[in-house]
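Here's the structure we're looking at; comments come further down.
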Amino acid sequence: QTAASGHGTLLVTNPDGHGSTRRQFSFSARMDASGAVKGNAVLVNPEFNGDKGQYYLLQIDISCMNVVGNTVFFGGTTRRTNDPNLVDAVYFGVQDNGEPGRNLDMITPAVFFDNDPNTTGDPGLCVNIQPGDPNFPMSLIEAGNITVR
């Protein structure tokens, strides 16, 4: 079985132009011997606002893991969000580059299946994502740790 978990922050610029705002993430997922995947992730991104002017929030039910060495790509469905325009299958990746995770481990942005609210993507498409995919650029985390085992 394979497991991946982590939490951390990246520094981003919020809509007011403040550059030291923290984009926070946490996730935990496990693949059992049969290949079934269960997990969840939470992202809070102050780069833009959801409903009522609050920072963007996304909760994901993870159902797909694609492990490529120390890199894992995830696929899941939106469980909760404060942006009704972003409700679809969602994908992201992480890279475990050792301890401590700060300034070593990496994460990609969350990428949605498409921008069409009338379609729902398949989280299982995460098996097609490979390291170096230009749709999933990796960024160093400023704090936290990512573990793939």
Handout entry: Step-by-step side chain to side chain contact (heavy atoms under 4.5 Å, CB included) determination, Phe112 to Thr78
Key = CA-CA 9 Å; Phe112 289 86; Thr78 301; 3.8 Å; yes
Exercise for the section: For side chain to side chain contact (heavy atoms under 4.5 Å, CB included), just list the numbers for Asp32 and Lys38, CA-CA rounded to whole Å, side-chain angles, deciding distance to a tenth of an Å, and then say yes or no. Expected result: CA-CA 9 Å; Asp32 68 21; Lys38 286 187 179 158; over 6 Å; no
Just distance, no hydrogens or angles: give the donor-acceptor pairs under 3.5 Å from side chains in residues 135-149, sequence neighbours left out.
unit_1 : atom_1 : unit_2 : atom_2 : d
Asn135 : ND2    : Asp133 : OD1    : 3.3
Asn145 : OD1    : Gly101 : N      : 3.3
Asn145 : ND2    : Glu99  : OE1    : 2.8

How close do [X] and [Y] get, heavy atom to heavy atom, and via which atoms?
X	Y	answer
Ala110	Leu58	CB-CD2, 4.3 Å
Ile62	Ala41	CD1-CB, 4.1 Å
Met106	Asn97	CG-ND2, 3.9 Å
Cys64	Pro123	CB-O, 3.3 Å

Report whether [X] and [Y] are members of the same hydrophobic cluster (ILVMFWY, side-chain heavy atoms less than 4.5 Å apart, transitive linking).
X	Y	answer
Val67	Val37	yes
Phe73	Val111	yes
Phe74	Ile107	yes
Ile129	Phe25	no
Val90	Leu125	no

Practice task
Check the pair Thr81, Val87 against side chain to side chain contact (heavy atoms under 4.5 Å, CB included), reporting the backbone distance first and the verdict last.
Solution key: CA-CA 7 Å; Thr81 183; Val87 179; 3.8 Å; yes
Handout entry: Between Asn40 and Ser28, a side-chain donor and acceptor under 3.5 Å
Key = no
Exercise for the section: Pick out which of Arg23, Gln24, Gln59 makes a side-chain contact (heavy atoms from CB on, under 4.5 Å) with Leu43. Expected result: Arg23
From [atom1] ([X]) to [atom2] ([Y]), nearest 0.5 Å:
X	Y	atom1	atom2	answer
Asp122	Ser63	CG	OG	7.5 Å
Leu57	Arg80	CG	CZ	5.0 Å
Asn45	Asp83	CG	CG	11.0 Å

Do [X] and [Y] have side chains that get closer than 4.5 Å, going by heavy atoms?
X	Y	answer
Val94	Phe27	yes
Arg30	Thr2	no
Val72	Phe92	no

Practice task
Please check if atom CZ in Arg79 has more than 12 non-hydrogen atoms from other residues, nucleotides or ligands closer than 6.0 Å.
Solution key: yes
Handout entry: Sidechain-backbone polar pair: Asp61 side chain, Thr77 backbone, donor-acceptor under 3.5 Å
Key = no
Practice task
Could you tell me whether a side-chain N or O of Asp88 sits under 3.5 Å from a main-chain N or O of Gly121, the two making a donor and an acceptor?
Solution key: yes
